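Keep in mind it's a predicted model, so treat the numbers as computed, not measured. Counting starts at 1 for both ligands and their atoms, following the listed order.
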Amino acid sequence: MPNEILTETIGAVGVCRLNRPDKLNAINIPLMEQLVAALEAFDKNPEIRCMLVAGSERAFAAGADIAEMASAGMVEMYIRNQFATWDRIGLVQKPIVAAASGYVLGGGCELMMNCDIIVAAEGTQFGLPEINLGVIPGAGGTQRLTRALGKARAMDLILTGRSIDAAEALAAGLVSRVVPRESYFDAALQVCKDLCTKAPLALRFAKEAVMKNYALTLEEGIQHERKLFYMLFGTQDQKEGMGAFVEKRKANFAGK
Ligand code: DAK
């Protein structure tokens with residue numbers, strides 16, 4: 001099997017580079033399987049404290065491999081169950097830093113959003129252009145982009161398929177650092193080296209705690225909110241507050 005990714009260790013950093021430069025690192029099934037296996041191996045390796053995922057300067061990844069799925073039908077896509085591989089990234093405990101550059105599109109952007117800290121080269125293009133292929137993002141893009149950018153921006157990007165550059169991505173909160181193009185890899189590596197100086201268990205726990213933010217779905221959150229809303233109609237304060245409004249007087253709340 002060709003090496004769809006290249007791995008190396010730099011100090012205590014496990015580096016994974018996507019290695020399909022002639023296809024702009026389009027993510028095919030072997031690439032994702034190799035990437036996830038490498039991340040899991042680094043995660044288990046006690047010598048490694050964090051991981052760095054990078055592409056080439058021209059493309060972090062221009063999406064999932066369109067050629068690989070172009071002729072697949074619904075049943076074939078379902079049976080392939082490729083998302084099972086992607087989901088394993090979420091089980092990696094050590095921090096993953098992404099060095100984003102060039103094109104970060106579709107599945108490439110979704111892969112990047114699975115990473116924990118994103119360092120982007122100036123001029124990097126981010127987008128979820130699946131709409132232009134007659135589909136929608138399938139590897140978490142509609143959910144993660146909306147959580148990262150908010151509904152207004154996510155709708156804009158996902159429905160139009162347009163890209164934003166690194167400056168806009170920084171302002172919108174999709175990435176946390178933008179650095180000169182010529183030094184993006186070194187800058188991301190420097191972030192990793194900084195993480196390597198931190199308490200390893202605290203790093204894992206901090207990552208886990210932040211990820212808990214994703215634990216409730218919007219639907220669960222809305223249902224939770226609704227129950228609390230109904231419960232307030234069992235309080236005196238609700239009667240007092242609304243009653244005072246209707247009677248055009250100031251409310252006097254007793255906290256009951
Ligand atoms: N898939 C396959 N090949 C790709 C590719 C892609 N996403 N992107 C680029 N390539 C290939 C091109 O076909 C070309 O190959 P050759 O013709 O040389 O063999 C080579 O990379 C260079 O690309 P271009 O010649 O097109 O280069 P340009 O500079 O002219 O244009 C571009 C760069 C990024 C604007 C253009 O390549 C482009 O529009 N690429 C497609 C971008 C895109 O639509 N990305 C979203 C793909 S859909 C899933 C998980 C995730 C997903 C789906 C399923 N499962 C787990 C089931 C996600 C879906 C997507 O990402």
Side-chain angles (χ1 to χ4, degrees), residues 1-6 16-40 53-92 96 98-115 118 120-149 154-166 168-169 174 181 184 214:
M1 188 183 283
N3 288 333
E4 308 290 16
I5 67 157
L6 301 173
C16 302
R17 288 177 184 264
L18 312 196
N19 186 37
R20 300 186 76 207
D22 52 331
K23 297 290 180 189
L24 303 186
N25 289 325
I27 301 167
N28 60 11
I29 294 171
L31 184 149
M32 189 43 98
E33 284 176 351
Q34 290 175 27
L35 176 62
V36 172
L39 289 172
E40 288 174 341
V53 176
S56 66
E57 190 176 328
R58 190 169 167 220
F60 178 77
D65 191 324
I66 300 169
E68 189 179 62
M69 56 188 165
S71 62
M74 187 178 73
V75 173
E76 184 180 348
M77 285 301 282
Y78 183 76
I79 289 172
R80 279 186 190 176
N81 194 19
Q82 291 165 245
F83 296 119
T85 310
W86 286 68
D87 287 347
R88 281 157 52 201
I89 302 172
L91 300 175
V92 171
I96 305 173
S101 53
Y103 294 111
V104 185
L105 302 176
C109 191
E110 291 174 308
L111 169 61
M112 181 198 80
M113 287 191 286
N114 268 287
C115 299
I118 302 162
E122 279 170 353
T124 301
Q125 294 288 310
F126 303 89
L128 292 175
E130 286 88 340
I131 198 81
N132 298 325
L133 301 168
V135 293
I136 65 171
T142 62
Q143 305 306 298
R144 290 198 177 90
L145 194 76
T146 306
R147 286 179 190 232
L149 306 191
M155 281 288 188
D156 183 345
L157 295 191
I158 293 168
L159 270 53
T160 69
R162 78 177 175 92
S163 297
I164 56 174
D165 70 8
E168 197 176 343
L174 182 61
R181 191 180 309 212
Y184 80 95
Y214 284 79

Report summary line: Per the under 4.0 Å non-hydrogen criterion, ligand 1 touches Asp22, Lys23, Leu24, Ala26, Arg58, Ala62, Gly63, Ala64, Asp65, Ile66, Met69, Met77, Gln82, Phe83, Trp86, Tyr103, Leu105, Gly106, Gly107, Glu110, Pro129, Glu130, Leu133, Ala139
Report task. Report yes if the side chains of Leu174 and Met113 come closer than 4.5 Å at any heavy-atom pair, otherwise no. Result -> yes
Query raised in the report: If you count the non-hydrogen atoms of other residues, nucleotides and ligands that lie under 6.0 Å from CZ in Arg181, is the total more than 12?
Result: no
Query raised in the report: With a 4.5 Å heavy-atom cut-off, do Ile89 and Ile96 have their side chains touching?
Result: yes
Report summary line: residues 63-72 vs salt bridge (Lys or Arg N to Asp or Glu O under 4.0 Å), sequence neighbours excluded, gives Arg20-Asp65
Report task. Answer yes or no: is there a side-chain heavy-atom contact under 4.5 Å between Asn114 and Val92? Result -> no
**Report entry** Close side-chain approach of Ile27 and Trp86, heavy atoms under 4.5 Å
**Finding:** yes
